[in-house]
Amino acid sequence: ANSTPSSKACWGANNSVKIDHSVAPHINPCRGSGGLSPPAAGGIFTTMQQRKGKWRLTVSEGFCASHCLRGYEGPCENLHGHNFGVEAVVEGERLDPKVEYLVDFKVLRGRLREILAGLDHRHLNDLPAFSLENPSSENLARYVYRQLEAALAGQPVRLVCVSVSEKDSSKATYMEE
């Protein structure tokens, strides 16, 4: 139900949030449609002093592949396979003004899937990227990071890190400064 704004309280957009200014005096005063500041100005959390923030998004995908860890001197030196898990984290400081998201999850996940398609159901040691270095989780994380960083050029985000896991209990994370 609609409520008439008083001097101490008002309803937010679509009557979804009631702001009591006696409890939260730092919130912009009620005025105009709904009484909340527009999202571009910081939404209902706008304070007298603007605070700078950023968002982080994480997407997860996976692929199946085999590999051998050369020089391991144990069972992992033999041919074996994994259902690898891959997690990519991006960050940014500005939301799209129309949709109010950092980047579409569909775009981010799609770029990651394109890279992983080249690894899926392959023997990783046979790929040029791993002909001289082991396809360890660490090296896979670096490989995916660098491929994804290039694939995200032109997007309003910065790649923070990529993690690769061979099983749920352990993962290797790669990032650059």
Side-chain angles (χ1 to χ4, degrees), residues 13 16-17 38-46 50-177:
S16 60
V17 178
I44 64 169
F45 299 105
T46 299
Q50 289 291 331
R51 295 172 20 178
K52 188 170 177 142
K54 61 176 88 170
W55 289 268
R56 282 195 172 166
L57 305 180
T58 304
V59 293
S60 299
E61 285 296 325
F63 68 98
C64 302
S66 67
H67 68 164
C68 306
L69 296 179
R70 296 177 287 265
Y72 183 78
E73 298 180 12
C76 293
E77 192 165 9
N78 298 322
L79 175 67
H80 65 286
H82 297 284
N83 293 321
F84 289 95
V86 178
E87 201 174 79
V89 179
V90 299
E91 71 180 11
E93 297 175 359
R94 294 185 157 205
L95 299 182
D96 175 275
K98 181 179 177 187
V99 184
E100 296 180 21
Y101 61 27
L102 188 57
V103 66
D104 193 338
F105 280 112
K106 181 174 58 176
V107 170
L108 183 56
R109 189 174 288 108
R111 303 282 166 84
L112 181 58
R113 282 180 181 158
E114 289 171 7
I115 294 161
L116 299 183
L119 304 173
D120 193 37
H121 286 83
R122 305 286 301 272
H123 181 58
L124 299 175
N125 297 70
D126 291 344
L127 299 176
F130 301 107
S131 63
L132 299 177
E133 64 181 23
N134 268 328
S136 62
S137 293
E138 293 84 351
N139 287 333
L140 283 165
R142 180 177 53 205
Y143 172 81
V144 173
Y145 180 98
R146 290 183 175 165
Q147 297 293 310
L148 187 56
E149 184 177 47
L152 291 173
Q155 293 294 320
V157 294
R158 181 185 77 77
L159 185 57
V160 174
C161 63
V162 169
S163 298
V164 172
S165 59
E166 296 178 358
K167 54 186 175 179
D168 291 339
S169 62
S170 53
K171 65 181 170 183
T173 301
Y174 181 79
M175 62 191 80
E176 294 181 354
E177 295 182 16

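Throughout, residue positions are numbered sequentially from 1 according to the sequence presented.
Under the 3.5 Å distance criterion, the side-chain polar atoms of S136 are matched with a main-chain donor or acceptor of N139. Formation of a donor-acceptor pair under 3.5 Å by the D104 side chain with backbone atoms of K106 is found in this model.
Listed here is the closest heavy atom pair of V86 and V164: CG2-CG2, 4.2 Å. The two residues L102 and R94 have their closest heavy-atom pair at CD1-O, 3.4 Å. For L148 against A88, the heavy-atom pair with the smallest separation is CD2-CB, 3.6 Å. Minimum interatomic distance between F84 and L140 (heavy atoms only, all atoms of both residues): CE2-CD1, 3.6 Å. Considering all non-hydrogen atoms of both residues, E77 and G71 come closest at OE2-N, 3.2 Å. The minimum heavy-atom distance between R109 and V59, with the atom names listed, is NH2-CG1, 4.0 Å.
Going from atom SG of C64 over to atom NE2 of H82 covers 11.5 Å, rounded to the nearest 0.5 Å. For the atom pair CG of L159 and CD of Q147, the computed distance is 11.5 Å after rounding to the nearest 0.5 Å. Between atom CD1 of residue I115 and atom CZ of residue F63 there is a gap of 11.5 Å, rounded to the nearest 0.5 Å. Note that the CG atom of N83 and the NZ atom of K167 stand 13.0 Å from one another [nearest 0.5 Å]. Considering CD of E91 and CZ of R56, their distance stands at 4.5 Å, rounded to 0.5 Å.
Remark: L79 CG is packed, more than 12 non-hydrogen atoms of other residues, nucleotides or ligands lying under 6.0 Å away. Around CD of E73, the count of heavy atoms belonging to other residues, nucleotides or ligands within 6.0 Å does not exceed 12. Crowding of N78 atom CG: a count of heavy atoms from other residues, nucleotides or ligands under 6.0 Å exceeding 12. Surrounding OH of Y72 are at most 12 heavy atoms belonging to other residues, nucleotides or ligands under 6.0 Å away.
Each of E149, E176, E133 was evaluated against R142; a single residue qualifies, E133, per the salt bridge (charged side-chain N to carboxylate O under 4.0 Å, His left out) test. Looking at V144, D120, L116 one by one, the single match for side chain to side chain contact (heavy atoms under 4.5 Å, CB included) with E61 turns out to be L116.
Side-chain atoms of R146 and Y174, non-hydrogen and from C-beta on, do get closer than 4.5 Å to each other. Here the side chains of N125 and F130 are not in contact, with every heavy-atom distance at 4.5 Å or above.
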- Task: Using the side-chain hydrogen bond (donor to acceptor under 3.5 Å, both in side chains) rule, take H67 and H123 through it: C-alpha gap first, then chi angles, then the decisive distance, then the call.
- Result: CA-CA 6 Å; H67 68 164; H123 181 58; over 6 Å; no
